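These notes are about the structure you will find just below.
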Amino acid sequence: MAFRYRWWGKGDIDASLGVFFDGFSKILSATGIMLFVFGMPAEIVLGKMLPGIGVAVFLGNLWYFHEAHSLAQREQRHNVTAQPFGIGASQLSGWLYLIMGPIYWQTGNAEYAFQIGLAACFIGGFIEILGAFVGKWIVQNVPHSALMGNMASAAIVWLSFVGISMVYDRPVYALLPLFIVIIDYLGKADRRFAKIPSGLAAVVLGSAIAWCTGYLSLDNFTHSFSSLGFYPPRLCVGDIFKGLSGIVPFLPIIIPLQLNNFLSTLQGVEAARSAGDVYPERRSMIMDGFSSVIGSLFGNPFPTTVYFGHPGWKELDAHAGFSLVNAAAYLLICTTGLTGVLMALIPTEAVMVLLIFIGFSVTAATFQGIDHKYNNVILISMVPILFQYIQTLINSAVQAAGSTVDAIGTAGFAEFSVPINGIQYLANGAFLSSLLIAGLLAYIVDKKYGRAAAFALALAGCSFVGMIHASEVSLFSPVGTLFGVLYLFVAGALAAKARLLRNRAVPGPGPAEKVI
C-alpha cells in the first residue's frame with residue numbers, strides 16, 4: 001500500500017494560530033506604523049505593499065509544505081514538521097526605521113520611499129541566495145558571538161526599545177498587556193500556566209481597554225469596512241528600477257541585515273535537523289531569497305525568512321498543515337483589505353508587546369547560548385545600533401520642530417552638550433560596523449590577533465568607501481579617510497602582537513607552533 005503523508009496532526013491547530021499570530025502581529029504593527037506614525041497614504045500601504053506581502057508569504061509557505069511532504073514521502077513517516085516561514089522581525093524594523101521612514105520624512109514622497117524599500121528587498125533577496133553558497137564560509141570565519149551579538153543587538157534595539165517606547169506612550173491600554181506577557185515570559189517554568197495563550201490574552205485585554213476608553217470607536221471600525229475589496233498583486237518592476245537609482249546609501253544597512261537573515265535560515269534548518277527533520281540547507285536558503293525577490297516584484301518591501309521554533313511545533317505534533325493555513329490566511333487578509341479592519345479592532349501598541357518579547361527572547365537566548373567570556377563582545381556590538389536609534393530620534397525630533405540637523409549645526413548641538421558628530425559617526429553604517437567590531441573583539445578574546453587584524457582591515461576598507469561612519473557611500477571622504485587610517489593603525493598593532501606571539505612560541509631550534 002502506497003504511503004500517504006498525514007499532513008495534519010493534532011498540533012497543527014496550535015501551530016497555525018501560533019505561527020500566524022507571531023508573524024501577522026509584525027504585519028499589523030508595521031501597517032499601523034506606516035499609516036499612523038509615518039503618515040504614509042493608505043493606497044500605497046494597503047493597495048500595494050500588503051498584496052505583495054501576501055504573495056511572498058503564500059508562496060513561501062506552499063514551498064515549505066511541499067518540502068515537508070516530500071521529506072515525509074521519502075522517509076515514509078508522518079511525524080515530519082514543516083519549517084515556519086514569514087517576514088523577518090529584524091528586517092521589518094530595519095526597513096521601516098532605517099530605510100523607508102527616513103526617506104519619507106525627508107522627501108515627503110511616499111512613492112519613492114516605497115520604491116527604495118522594494119529595491120532594498122530585491123537586492124536583499126539576492127544576498128540571501130548568495131548566502132546559500134557562502135553561508136558556511138561566513139560561519140567558519142566570523143565568530144559566532146559576533147554574528148549572534150549583531151542579531152541580538154538589532155532585535156533588542158529595533159523591536160524591544162522601539163516597542164516599549166510605544167507602549168509607554170499609550171500606557172492606558174498597552175501597559176497591562178505588556179505585563180501579562182512579562183509574567184508569562186518569566187514564569188514559563190510554572191506548568192500550571194503553560195497552556196494559557198498569553199499573547200492572545202494580552203491583545204484581547206489591550207483591545208478591550210482601548211474600546212472602553214474610546215481610543216477605538218465604533219465609527220472608525222464601521223468606516224474600516226469601506227476599505228474592503230479586492231486588491232490584486234501588481235507587478236512593480238518599474239518601481240524597483242526607480243528605487244535602484246537611490247539604493248547605494250542604504251547598502252550598509254541591507255548587507256548586514258541580510259547576512260543575519262540568511263544565517264537565521266541556516267540556524268532554523270539546523271534546529272530542524274536536531275529535531276529529526278533533515279532539510280537541505282542550501283535549497284532552503286535559496287528559497288528564502290527567491291521568495292524575497294518574487295515578493296518585491298509584486299510590491300512586498302520586507303525580506304522573508306524561516307522562523308525559529310520548528311522543534312517546539314514538532315514537540316506539539318504539528319505536521320505541515322499549518323503552512324497551508326498560514327498561506328491561505330495571509331493571501332486572504334492581505335488582498336481583501338481585512339488588515340484595515342483588524343487595525344480598527346486591535347490597537348497597534350497592544351500588538352507591539354509581542355514584538356518586544358521577540359527582541360528580549362532573541363537577546364536572552366544569545367547570552368545563554370554563548371560562552372560568558374564573550375558577553376562584552378555582545379554588549380559592545382549593541383553600541384553602534386543603539387546610537388543609530390538615537391540618531392533616528394534626533395532627526396525626527398528636529399524635523400518635528402521644523403528644522404534639520406544640518407541647519408542646527410555642530411555648534412548648536414554642542415551648546416546643549418549633545419555630541420552630534422560622535423552620534424552620527426557611530427550611527428552611520430551601524431549594522432555593518434557592529435558586526436565587524438564584534439568580530440574583531442571576539443578574536444581578541446580568543447587571542448587570535450592575526451584574525452582580529454583582518455577585521456580591523458575590513459573596518460578600514462569599509463571606512464574608506466563610506467560604508468561605515470560616513471554619511472554617504474563615497475571613496476575617501478574626509479570622515480571615511482580619518483576612520484580608515486585609524487583602523488589601519490589598529491590592524492598594524494594587532495598584526496605586530498600576532499607576530500610577537502608567534503616568535504615567543506618558538507622555544508629554540510626546532511619547529512615552532514603556529515599561534516594566530
Side-chain angles (χ1 to χ4, degrees), residues 127 134-135 137-154 251-260 263 366 370-371 373-388 419 421-505 514-516:
I127 293 174
V134 302
W137 181 88
I138 290 175
V139 169
Q140 291 168 357
N141 290 277
V142 177
H144 183 64
S145 58
L147 290 170
M148 296 305 295
N150 184 253
M151 181 176 67
S153 300
L251 291 178
I253 298 167
I254 298 167
I255 292 172
L257 271 177
Q258 288 304 88
L259 287 178
N260 278 330
L263 290 171
T366 299
I370 289 178
D371 192 313
K373 70 179 182 179
Y374 298 113
N375 283 353
N376 287 336
V377 173
I378 298 171
L379 291 173
I380 293 175
S381 72
M382 192 183 300
V383 171
I385 297 175
L386 180 58
F387 273 86
Q388 192 173 51
N421 283 339
I423 292 171
Q424 290 180 319
Y425 293 158
L426 274 167
N428 294 330
F431 279 96
L432 186 54
S433 64
S434 166
L435 179 64
L436 295 176
I437 291 172
L440 184 152
L441 295 175
Y443 277 130
I444 289 177
V445 170
D446 291 335
K447 296 182 172 55
K448 296 181 178 180
Y449 297 107
R451 293 194 174 192
F455 271 80
L457 288 175
L459 283 163
C462 290
S463 297
F464 284 133
V465 299
M467 293 282 283
I468 57 176
H469 303 314
S471 59
E472 60 182 7
V473 177
S474 61
L475 190 61
F476 298 123
S477 67
V479 171
T481 301
L482 169 64
F483 279 98
V485 170
L486 292 173
Y487 285 131
L488 286 179
F489 278 109
V490 174
L494 289 168
K497 187 158 188 173
R499 182 178 180 83
L500 179 63
L501 286 179
R502 280 197 298 268
N503 292 336
R504 286 182 178 177
K514 186 177 181 181
V515 178
I516 298 179

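As the structure is a prediction and not an experimental result, all values here were calculated from the model.
Closest of all the heavy-atom pairs between Arg451 and Gln140 is NH1-O, 4.2 Å. Among all heavy-atom pairs drawn from Gly429 and Pro252, the shortest one is CA-CB, 3.8 Å. Looking at every heavy atom in both residues, Ala470 comes nearest to Ser477 through CB-OG, 3.9 Å. Taking every heavy atom of both residues into account, Ser381 and Ala438 meet most closely at CB-CB, 3.7 Å. Of all heavy-atom pairs spanning Val485 and Phe464, the tightest one is N-CZ, 3.7 Å. Between Ala442 and Ser145, the shortest heavy-atom distance links the atoms CB-OG, 3.4 Å.
Ring geometry for Phe455 against Tyr443 counts as tilted: the plane angle lies between 30° and 60°, on a 0 to 90° scale.
More than 12 heavy atoms of other residues, nucleotides or ligands shown are found within 6.0 angstrom of CZ on Phe483.
When side chains are defined from C-beta on, Leu494 counts as touching Leu440, because their heavy atoms get closer than 4.5 Å. Put simply, the side chain of Ile378 reaches to within 4.5 Å of the side chain of Ile370, judged on heavy atoms. A 4.5 Å side-chain heavy-atom check between Cys462 and Leu436 finds at least one atom pair inside the cut-off. Counting only heavy atoms from C-beta outward, the side chains of Ile437 and Ile380 approach each other to under 4.5 Å. Here the side chains of Tyr374 and His144 are not in contact, with every heavy-atom distance at 4.5 Å or above.
The closest donor-acceptor contact from the side chain of Asp446 to the backbone of Lys448 lies at 3.5 Å or more, if one exists at all. For the pair His469 (side chain) and Gly480 (backbone), a donor-acceptor distance under 3.5 Å is absent.
To the nearest 0.5 Å, the span separating CD1 on Ile255 from CZ on Phe431 amounts to 13.0 Å. How far CG of Asn428 is from CD of Glu472: 10.0 Å, rounded to the nearest 0.5 Å. Ile468 contributes atom CD1, which lies 10.5 Å from atom CG of Leu426 (distance to the nearest 0.5 angstrom). Taken from OG in Ser433 to OH in Tyr487, the straight-line distance is 6.5 Å, to the nearest 0.5 Å. Atom CG of Leu488 is separated from atom OG1 of Thr481 by 10.5 Å, given to the nearest 0.5 angstrom. With values rounded to the nearest 0.5 angstrom, Ile444 atom CD1 is found 8.0 Å from Lys497 atom NZ.
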